[in-house]
Amino acid sequence: MNKTEAENKLKDYGQEHVLKYFDEMSSDEQTALLDQIENTDFSVLSHIGEAGKGEGRGSFSPLAAMQLSEIEARRDEFHDAGVKAIKEGKTAALLLAGGMGTRLGSDNPKGMYNIGITKEVFIFQRIIENLLDVVHETDTWIRLFIMTSEKNHDATVNFLKEKKYFGYKEDRIVFFKQDMAPACDYNGKLYMEEKGRISTSPNGNAGWYSSMVRAGLDKILTDEGIEWIDIFAVDNVLQRICDPCFVGATVIADVSVGAKVVKKAAPDEKVGVMCLEDGRPSIVEYYELSQEMMDAKDENGDPAYNFGVILNYLFRVKELAEVTDDRMPLHVVEKKIPYIDEAANLVKPTEPNGYKFEQLVLDMIHQLDTCLPYEVVREHEFAPIKNPTGVDSVESARELCKKNGIEL
């Protein structure tokens, strides 16, 4: 894209200010900005009027989970089916690793955070070691995709290369960047984070598949005969990835997606809950649960909306193509967005000052026909790290790791 083409695109969206400092930039900086303008979808800006309104939700009803008792009774059946799928190369893993460790007080990618006490133990290390458990059990190197973001790609790749991928085979790992969405003020004017850079953020945790396709990686899925992808977030250091029992149960159930869930610690715990919405699988957020839903019971007298998601989903590849961007709602989210002011000074706001645009996995699941909520033991598979201390923190994750015999 040349400058004239960029000017025309920006003019269409009323964003001519993006080129304010263009003529004083170096040739490389100019090229980088033109590339960013070319690759950024500014049409999302037309959605700012939807901020805070949401799409409106449908009619919720319970979706029964496969609970631990049934899983234990059928463990051999599920395990054998899962091992078979893994050995046949039908299962891949995809790590959502685009986030930074800002809330933990780090300027590095979140996966580089060291949770060790007497030695170095990095979040990336814990995740890869969990996947290596399955590699060793099945004697099969599972294809591992790692989705980074523009902000942390180079640091992530360099770190893992330096650490020799914590023992994972380099030729079985593929990195790709998540697509980015622009950030704007309340009037729809794009923020600039530098003179030559539009402020952007990753396009939500549902952006993984469209980003894969954009990177041309769907060809790997086809060429290698991959039928299932286990996607999971970077912050849960205990999660089991491509766990044969989970894979086997999902395959045998013949569903579009399997979802690992944990029994809620309390009726009002701040986790999304698997459910049906207008008869299709969905997730109801904790703040959307009515008192009536919290009080509802299943046929056994247990809470009907009792299983929270942990962002570990096994998607059937052949149905992902049906989950297209134009069917997915766009969430307009109020955020604190750093920007340069009229004098080109960097401002870091302390209060929300604009909008970011995201698509969410819960909407992805709602596009599919069937889902298997699969219960796992919270203490063995759920140690999220969102804060330095307190609930879902480095401290709580360390305690859970110790309970599971992991040396820190």
Side-chain angles (χ1 to χ4, degrees), residues 58 60-86 88 90-94 96 134 142 205-206 208-209 226-233 236 238-264 271-285 296 298-300 302-323 360-378 380-382:
F60 294 119
S61 56
L63 173 60
M66 179 179 282
Q67 297 187 37
L68 295 173
S69 56
E70 180 179 357
I71 293 166
E72 195 53 46
R74 301 177 66 183
R75 180 165 294 279
D76 291 345
E77 175 192 2
F78 292 156
H79 181 268
D80 291 349
V83 169
K84 181 173 185 291
I86 291 166
E88 291 174 352
K90 293 179 179 178
T91 308
L94 194 154
L96 308 179
V134 179
I142 295 163
N205 58 20
W208 65 270
Y209 182 65
I226 294 169
E227 297 181 6
W228 300 90
I229 303 181
D230 189 353
I231 73 156
F232 55 99
N236 180 4
L238 279 186
Q239 62 191 319
R240 313 307 298 170
I241 303 142
C242 293
D243 163 26
C245 275
F246 176 46
V247 172
T250 306
V251 170
I252 288 171
D254 193 26
V255 291
S256 306
V257 59
K260 285 197 172 186
V261 296
V262 293
K263 196 167 285 183
K264 289 169 64 176
V271 293
V273 176
M274 288 303 311
C275 67
L276 293 174
E277 181 181 353
D278 295 335
R280 299 175 73 89
S282 192
I283 295 166
V284 55
E285 296 290 6
D298 64 16
E299 64 273 12
N300 298 318
D302 296 320
Y305 296 89
N306 200 29
F307 291 95
V309 292
I310 62 172
L311 219 172
N312 188 312
Y313 303 105
L314 187 66
F315 283 94
R316 183 152 53 185
V317 171
K318 70 180 182 182
E319 290 170 44
L320 286 171
E322 299 170 15
V323 184
L360 303 178
V361 164
L362 66 91
D363 297 311
M364 207 173 184
I365 289 171
H366 191 48
Q367 301 295 326
L368 300 171
D369 292 326
T370 50
C371 175
L372 174 70
Y374 176 97
E375 185 185 4
V376 297
V377 179
R378 175 188 288 264
H380 295 334
E381 292 206 33
F382 193 43

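As a basis for the values below, the full set of heavy atoms in this structure was taken, side chains included, without hydrogen atoms, waters or symmetry mates.
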Could you tell me the separation between the [atom1] atom of [X] and the [atom2] atom of [Y], rounded to the nearest 0.5 Å?
| X | Y | atom1 | atom2 | result |
| --- | --- | --- | --- | --- |
| Ile229 | Leu320 | CD1 | CG | 6.0 Å |
| Glu381 | Gln239 | CD | CD | 8.5 Å |
| Glu77 | Cys245 | CD | SG | 10.0 Å |
| Leu94 | Ile241 | CG | CD1 | 11.0 Å |
| Glu375 | Phe307 | CD | CZ | 4.5 Å |
| Cys371 | Tyr313 | SG | OH | 8.0 Å |

Which atoms form the tightest heavy-atom contact between [X] and [Y], and what is the distance?
| X | Y | value |
| --- | --- | --- |
| Thr370 | Ser256 | OG1-N, 2.9 Å |
| Val377 | Leu68 | CG2-CD1, 3.9 Å |
| Val273 | Lys264 | CG2-CD, 3.8 Å |
| Ile252 | Ala81 | CD1-CB, 3.8 Å |
| Thr91 | Cys242 | CG2-SG, 3.6 Å |
| Ala93 | Phe232 | CB-CE2, 3.9 Å |

Review point. Taking only residues two or more places apart in sequence or in another chain, which ones pass salt bridge (Lys or Arg N to Asp or Glu O under 4.0 Å) with Glu285?
Key: none
Taking C-beta and beyond as the side chain, do [X] and [Y] meet within less than 4.5 Å on heavy atoms?
| X | Y | result |
| --- | --- | --- |
| Ile310 | Val261 | no |
| Asp298 | Pro303 | no |
| Asn312 | Asp230 | yes |
| Tyr374 | Asp243 | yes |
| Arg316 | Trp228 | yes |
| Phe315 | Leu368 | yes |
| Gln67 | Lys263 | yes |
| Asp363 | Leu360 | yes |

Exercise for review: In sequence, state the C-alpha distance, the side-chain angles, and the governing distance for Val361 and Ile231, and then conclude on side chain to side chain contact (heavy atoms under 4.5 Å, CB included).
Suggested key: CA-CA 10 Å; Val361 164; Ile231 73 156; 4.2 Å; yes
Would you confirm whether [X], through its side chain, and [Y], through its main-chain N or O, come within 3.5 Å as a donor-acceptor pair?
| X | Y | answer |
| --- | --- | --- |
| Lys84 | Gly248 | no |
| Arg280 | His366 | yes |
| Gln367 | Met364 | no |
| Glu277 | Phe60 | no |
| Asn300 | Asp302 | no |

Exercise for review: Apply the test side chain to side chain contact (heavy atoms under 4.5 Å, CB included) to residues Leu314 and Val257: give CA-CA distance (whole Å), side-chain angles for both, the deciding distance (0.1 Å), then the verdict.
Suggested key: CA-CA 5 Å; Leu314 187 66; Val257 59; 5.7 Å; no
Exercise for review: Evaluate salt bridge (charged side-chain N to carboxylate O under 4.0 Å, His left out) for Asp80 paired with Arg75, printing each intermediate quantity in order.
Suggested key: CA-CA 8 Å; Asp80 291 349; Arg75 180 165 294 279; over 6 Å; no
Exercise for review: Evaluate the side chain to side chain contact (heavy atoms under 4.5 Å, CB included) criterion for residues Met274 and Val309: first the C-alpha distance (whole Å), next the side-chain angles of each, then the deciding distance (0.1 Å), finally the verdict.
Suggested key: CA-CA 7 Å; Met274 288 303 311; Val309 292; 3.4 Å; yes
Exercise for review: Decide side chain to side chain contact (heavy atoms under 4.5 Å, CB included) for Val376 and Val262; before the verdict, give the C-alpha distance in whole Å, the side-chain angles of both, and the deciding distance to 0.1 Å.
Suggested key: CA-CA 6 Å; Val376 297; Val262 293; 3.8 Å; yes
Check your understanding: Does the pair Lys318 and Glu227 meet the rule for a salt bridge (charged side-chain N to carboxylate O under 4.0 Å, His left out), with working shown?
Key -> CA-CA 7 Å; Lys318 70 180 182 182; Glu227 297 181 6; over 6 Å; no
